[in-house]
Amino acid sequence: MIAPMEKLIVAGPKRRVHELLGELQRIGVVQIDALRTEELPEYAYSSEEEDAARRWQRVVQGAEHALALLGSVPEPTRPFEGDLTAAESELEPLVHRADVLTREAEKLREEIELIDLYQQPVETLAEMAHGLDQSRWVAVLPFLLEKEAELELAAEALAEVLEDRFILAHKPLEGRFAAIAVVLKDDLETARAALSRKGIGELRLSGPFAGLSLSEARVRMRERAKLAPEELENVHSALARLRKEAENPLRALWTRAVDEAARLRALLDIAAGRFGFALFGWIPARLKGKVEEALAAHKDHVVYTLEPADEHHEADRVPVTLDNGPMVKPFQMLIEFLNIPKYGTWDPTWVVAVFFPFWFGMIVGDLGYALLFMLVARLLSGLVKQRKPLVIEFFGIHMKPPVVKDLVFVLNAMIFWTVVWGFVYGEFFGNFLEHLGVFYVPGHTEGLIPILIPRADTAATAGMLILVAIAFGVIQVFHGLGVRAWLSLRHGHMKHFWEAVGYLGGLVGLIVFAYTFLSGASGGVYNLVMYAGFAVFLLGIVMSRVVLMIAELPTQGGHILSYIRIYAVGVAGAIMANLATDLGFSLAEKLGVLGILVGLAVGLLTHLTILALTMMGHILQPIRLVWVEFFTKFGFYEESGRPYRPFKSVRNDASSAS
């Protein structure tokens, strides 16, 4: 449900504003909105406050920068207890040491990469030069060529400008050619220009090897190839020691600085005169007691008022927070990342909580797959217990432990219904247990557990399961339109009310018409209901003045039929799973004892491949029915709410997350 909200207005002497903001930040339940009135101007920083805001923000940035350099992240902890000057003094040496060590590590990594990349070419080129690169009279031009034809180009280019005043030598080098051109010192620039015109560039080393001759670079690289890794290891050890030493102090500084900067920013949302101030905010009604208790300590200095938010005239302004029970709350993440409902409308989270895992189980319906999902849930539960995030770099996924906890709850609900439907369908990695005689189809085979609905037998069960899927469509589409009519009537939006009522009537008419046409049933009752439904539809068109409802009605009916995907996707997966298992048993029968092992391996690998290819669809199809077919019926995407963002300490985030 959408939590009822109340407005809070606080007024008092300006000298108390910092103390009051500190108290509101501590309790962490008031969302402060900017207050702009003709009577009071917006709060203006004093020079001291402006300087403090800038400096505390620098502390935040410095602590985050140092933690990032140390391979850590900011996390709320016990805040630093000193003043701003002490915080800056504490931070500066930590940031400096982290910067110096990080730069040194990066420099050594680049040096090692250069050695790995160029040591072999330099060794080969230096050996070919035979010390001529140290001569006072001649110069050596080293270069690496990809094709042998480039050697001819190089020779032609040098011959054109130097005639016979050069020596060109080359050696094969790992699929390329290492080559040197020996020329007189006076001809060096001429030779470079000639080679450059042919697209042949001289090999020039960078970094610590820049400007060295081949002989010098060879000696230097040999030395650094031994020393640089040791030095890098020492720097990494120093960074590890610094992280152990500085991580907690940096987090303490960050925690304090974030809170201080937030309080100073909150001042700008307050209206204030020379001596007084006024603050405006929102709180969930259920948390009103915390605010009253906190403000009671300031009763001699401030006055305040609380009153319920007006959902009819203030809905656009009122922030929204969802307040659901523990069985529904984890499913809010499937709502909030799309859109948050507007205040005064309706929270559909419980619909997601009921139907999404149920339909997922109905689609997958396999006990073997449920076991695989349980392994995934167990791994994710381990992250939650260790308070570690879920990070999948390939997909750019980074979930904090509280989000992972909700994900595990949702996954467990999906597993529960997968197990239930697995018993109903009698499926364990397809028909594996049916082959072993554990599950059986009554009247066809014998076994221990009867299969209630053998969905892979489409001739026997397709009609029933398709009707069940369509029934879900009727329930959801009618429910969504009913919610639309109720909300519209509640807020006096009669156009939308008559639209919803008209579609409800039109769908009743369509459904009865389809039933009588397909079944051959006829009679006065059916005709009466059908004509009544179409009459309500026409009334809805007239009252709403939306003629396009005539063209839209078949689309609404199509949304009902869209629920057939629950059956279609599920039975397709079941048939593929049966084929994978049949493949394994076929190998086992043909190859004897060895075939059992081969069949199990091939069957399991095939199942995993099928699951990997179809799992995204198994998840998206049921949630899509809620997001599209259901949510669009009551206008979920037409109006967005404001997320509730209370003014609170960063430590409140950590405590609420845990």
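Keep in mind that this is a model prediction, so the values were computed, not measured.
- Between the side chains of Glu247 and Ser72, at least one donor N or O sits under 3.5 Å from an acceptor N or O.
- Judged by distance alone, the side chains of Glu6 and Trp282 never bring a donor and an acceptor atom under 3.5 Å apart.
- The salt bridge (Lys or Arg N to Asp or Glu O under 4.0 Å) search around Glu336 returns none, not counting sequence neighbours.
- Taking each heavy atom of Ile451 and Glu434 in turn, the nearest pair found is CD1-OE1, 3.9 Å.
- Ion pairing between a basic and an acidic side chain is recognised when a charged N comes within 4.0 Å of a carboxylate O; Lys7 and Asp33 show no such pairing.
- Between Gly344 and Leu487, the shortest heavy-atom contact is O-CD2, 4.1 Å.
- Put simply, the side chain of Trp350 does not reach to within 4.5 Å of the side chain of Met1, judged on heavy atoms.
- Checking side-chain atoms of Asn324 against main-chain N and O of Lys329 turns up no donor-acceptor pair under 3.5 Å.
- Asp323 places no side-chain N or O within donor-acceptor distance of the main-chain N or O of Ile2, the cut-off being under 3.5 Å.
- Smallest separation of non-hydrogen atoms from Val30 and Val291: CG2-CG2, 3.9 Å.
- By the 4.5 Å heavy-atom criterion applied to side chains, Lys342 and Arg642 are not counted as neighbours.
- Tyr563 and Gln476 form a side-chain donor-acceptor contact under 3.5 Å, judged by distance and modelled atom types alone.
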Give the C-alpha distance, both sets of side-chain angles, the deciding distance and a yes or no for side-chain contact (heavy atoms from CB on, under 4.5 Å) between Leu338 and Tyr637.
CA-CA 9 Å; Leu338 286 173; Tyr637 300 105; 3.8 Å; yes
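- Here the side chain of Ser562 pairs no donor or acceptor atom with the backbone of Gly558 at under 3.5 angstrom.
- In this structure, Ile453 CD1 and Leu465 CG are separated by 5.5 Å, a value rounded to the nearest 0.5 Å.
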Test side-chain contact (heavy atoms from CB on, under 4.5 Å) on Met494 and Met543; report intermediate values, then the result.
CA-CA 8 Å; Met494 299 310 296; Met543 297 301 293; over 6 Å; no
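- Between the CD1 atom of Ile610 and the OH atom of Tyr369 there is a distance of 5.5 Å, given to the nearest 0.5 Å.
- Listed for the Gln621 side chain is no donor-acceptor partner under 3.5 Å among the backbone atoms of Gly617.
- Ring-centre distance between Phe513 and Tyr526: not below the 6.0 Å cut-off.
- Side-chain N or O atoms of Tyr644 include one that pairs as donor or acceptor with a backbone N or O of Val29 at under 3.5 Å.
- The backbone N or O of Asp582 lies less than 3.5 Å from no partner atom in the side chain of Ser586, so there is not a single donor-acceptor pair.
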Under the criterion side-chain contact (heavy atoms from CB on, under 4.5 Å), I'd like the reasoning laid out for Arg651 against Asp259: C-alpha separation, chi angles, the key distance, then a yes or no.
CA-CA 9 Å; Arg651 286 172 290 158; Asp259 283 352; 3.9 Å; yes
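- Between Phe636 and Phe634, the angle of the ring planes goes over 60°, which puts this pair in the perpendicular group of the 30/60° scheme.
- Between Phe360 and Phe373, a ring centre-to-centre spacing shorter than 6.0 Å is recorded.
- Between Ile541 and Trp498 the shortest side-chain heavy-atom distance does not fall below 4.5 Å.
- A salt bridge is defined here as a Lys NZ or Arg NE, NH1 or NH2 lying under 4.0 Å from an Asp or Glu carboxylate O, and Glu638 with Arg484 meets this definition.
- Going from atom CG of Leu605 over to atom CG of Leu600 covers 12.5 Å, rounded to the nearest 0.5 Å.
- Phe337 and Trp627 have their aromatic ring centers within a separation under 6.0 angstrom.
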Side chain to side chain donor-acceptor pair (under 3.5 Å) evaluation trace for Thr581 with His607
CA-CA 8 Å; Thr581 299; His607 274 290; 2.8 Å; yes
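- The line from CD1 of Ile415 to CG of Leu411 is 4.0 Å long, rounded to the nearest 0.5 Å.
- Residues Arg545 and Lys495 have side chains not in contact (no heavy-atom distance under 4.5 Å, counting atoms from C-beta outward).
- Arg645 meets the side-chain hydrogen bond (donor to acceptor under 3.5 Å, both in side chains) test with no other residue; sequence neighbours excluded.
- Of all the heavy atoms in Tyr567 and Ala462, the pair that sits closest is OH-CB, 3.1 Å.
- Side chain of Arg251 to backbone of Pro74: no donor-acceptor contact under 3.5 angstrom is found.
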What's the verdict on side-chain contact (heavy atoms from CB on, under 4.5 Å) for Leu322 and Phe331, showing C-alpha distance, side-chain angles and the deciding distance?
CA-CA 11 Å; Leu322 304 181; Phe331 291 87; over 6 Å; no
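- Phe358 and Trp417 have perpendicular rings, their planes meeting at more than 60° on a 0 to 90° scale where under 30° would count as parallel.
- Counting heavy atoms from C-beta outward, Thr516 and Asn527 have side chains that stay 4.5 Å or more apart.
- Between the Asp366 side chain and the Phe429 main chain, a donor and an acceptor come within less than 3.5 Å of each other.
- With rounding to the nearest 0.5 angstrom, the CD1 atom of Ile619 is 16.0 Å from the CZ atom of Arg624.
- For Thr345 (side chain) and Pro341 (main-chain N/O), no donor-acceptor pair under 3.5 Å exists by modelled atom type.
- Considering only heavy atoms from C-beta on, Ile283 stays 4.5 Å or farther from Met5 through its side chain.
- With Arg243 contributing its side chain and Gly71 its backbone, the two residues share a donor-acceptor pair below 3.5 Å.
- At most 12 heavy atoms of other shown residues, nucleotides or ligands fall within 6.0 angstrom of atom NE2 in His313.
- Annotation for Phe423: atom CZ does not count as buried by contact number, only 12 or fewer foreign heavy atoms lying within 6.0 Å.
- Taking both residues in full, the closest heavy atoms of Val512 and Met530 are given as CG1-CB, 3.9 Å, listed atom of the first, atom of the second, then distance.
- Rounding to the nearest 0.5 Å gives a distance of 11.0 Å between CG of Leu620 and CE of Met615.
- Residues Met333 and Val410 form a side-chain contact, since some pair of their non-hydrogen atoms from C-beta on lies under 4.5 Å apart.
- You'll find the side chain of Leu452 stays beyond 4.5 Å of the side chain of Trp421, heavy atoms only.
- Here the closest non-hydrogen pair linking Pro643 and Pro319 is O-CB, 4.0 Å.
- When each of Trp486, Phe472, Trp346 is tested with His479 by the rule ring-ring contact (aromatic ring centres under 6.0 Å, His included), just one qualifies, namely Trp346.
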